[in-house]
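Below is one structure; the comments refer to it alone.
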Amino acid sequence: QVQLVESGGGSVQAGGSLRLSCAASGYTYSVECTGWFRQAPGKEREGVAVVYTDGGSTDYADSVKGRFTISQDNAKNTVYLQMNSLKPEDTAMYYCAAATHYGGSCHTEWGYNYWGQGTQVTVSS
């Protein structure tokens, strides 16, 4: 199994920045991709960004493109989400999730088979 622990959430003013971290342990060699998801009160969970472990390719939701950057340090088994120019609508619980080879899928939300506990991000205006 894979264990994921998020950190770095907090409260910031609009226009500010935060960096979230996702530390993985366990069978980390099996992880094909790691994604960040978020869920605001009263809204559905949405994908934010994803990074592929081996190739390092990334993808972003249109709502965060140009503001957020996902990166990874495979030696540390850690994935980061740098969030700049934060807006109140970015307020949400942010979750780190991993999809493993064979057991998961990087292409759909349901395919991420391991999830962290979440870290709260609050952006005030």
Side-chain angles (χ1 to χ4, degrees):
Q1 69 274 22
V2 178
Q3 296 82 41
L4 303 172
V5 179
E6 303 98 330
S7 62
S11 299
V12 297
Q13 293 180 309
S17 299
L18 284 174
R19 188 178 75 160
L20 307 183
S21 298
C22 174
S25 60
Y27 296 106
T28 58
Y29 50 82
S30 68
V31 175
E32 182 180 357
C33 59
T34 304
W36 286 98
F37 299 80
R38 67 185 183 186
Q39 187 167 28
K43 295 184 178 180
E44 295 184 353
R45 189 170 61 198
E46 63 176 341
V48 175
V50 61
V51 60
Y52 285 77
T53 304
D54 291 338
S57 61
T58 60
D59 203 3
Y60 300 89
D62 289 340
S63 59
V64 307
K65 198 169 297 182
R67 300 188 297 121
F68 291 9
T69 302
I70 189 170
S71 62
Q72 64 186 356
D73 186 338
N74 288 338
K76 297 181 178 180
N77 291 319
T78 301
V79 172
Y80 305 94
L81 185 67
Q82 179 67 46
M83 306 186 294
N84 298 325
S85 301
L86 283 162
K87 304 175 180 179
E89 50 262 45
D90 295 318
T91 295
M93 184 72 72
Y94 283 71
Y95 298 91
C96 175
T100 57
H101 292 282
Y102 304 107
S105 175
C106 298
H107 307 117
T108 58
E109 182 173 328
W110 58 260
Y112 288 76
N113 45 336
Y114 295 97
W115 292 77
Q117 82 286 355
T119 185
Q120 178 68 40
V121 172
T122 302
V123 184
S124 61
S125 60

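Residues F37 and W115 bring their aromatic ring centres within 6.0 Å. In summary, the aromatic rings of Y112 and Y114 are positioned with their centroids too far apart to meet the 6.0 Å limit.
Side chains of Y80 and R19: a donor-acceptor N/O pair is absent below 3.5 angstrom, by distance only. Side chain to side chain, N84 and S17 meet the donor-acceptor criterion of an N or O pair below 3.5 Å. Of the N and O atoms on the side chains of Q13 and S124, not one donor lies less than 3.5 Å from an acceptor on the other residue.
Considering all non-hydrogen atoms of both residues, A99 and G111 come closest at CB-O, 3.6 Å. The two residues I70 and T34 come nearest to each other via the heavy atoms CD1-O, 3.8 Å. The two atoms that bring Q117 and Y95 nearest to each other are O-CE2, 3.6 Å, heavy atoms only. Of all the heavy atoms in T53 and Q72, the pair that sits closest is O-NE2, 3.1 Å.
At least one side-chain heavy atom of L86 sits less than 4.5 Å from a side-chain heavy atom of L18. In this structure, the side chains of Y52 and D59 stay at 4.5 Å or more apart for every pair of heavy atoms. Side-chain contact between V64 and R38 is present, with heavy atoms from C-beta onward closer than 4.5 Å. Residues H101 and S30 fail the side-chain proximity criterion, which asks for heavy atoms closer than 4.5 Å. Proximity of R45 to M93: side-chain heavy atoms (C-beta onward) are nowhere separated by under 4.5 Å.
Note on V50 and Y60: separate hydrophobic clusters, where clusters join Ile, Leu, Val, Met, Phe, Trp and Tyr whose side-chain heavy atoms are under 4.5 Å apart, directly or indirectly. By the criterion of side-chain heavy atoms lying less than 4.5 angstrom apart, applied directly or through intervening Ile, Leu, Val, Met, Phe, Trp or Tyr residues, L81 is grouped together with V51 in one hydrophobic cluster.
Panel note: side chain E6, backbone G118; a donor-acceptor pair is recorded below 3.5 Å. Put simply, the side chain of D54 never gets that close to the backbone of E32: no donor and acceptor are under 3.5 Å apart. Here the side chain of Q39 pairs no donor or acceptor atom with the backbone of E44 at under 3.5 angstrom. The closest donor-acceptor contact from the side chain of Q82 to the backbone of R67 lies at 3.5 Å or more, if one exists at all.
A distance of 6.0 Å separates CG of L20 from OG1 of T119, quoted to the nearest 0.5 Å. Of the inter-residue distances, the one linking Y29 atom OH with T100 atom OG1 reads 11.0 Å to the nearest 0.5 angstrom. Distance check: S125 OG to E89 CD gives 10.0 Å after rounding to the nearest 0.5 Å.
Ion pair K65/D62 flagged as a salt bridge, since at least one NZ, NE, NH1 or NH2 atom sits closer than 4.0 Å to an Asp/Glu carboxylate oxygen.
Partner of N77 under the side-chain contact (heavy atoms from CB on, under 4.5 Å) criterion, chosen from V2, L4, T28: T28.
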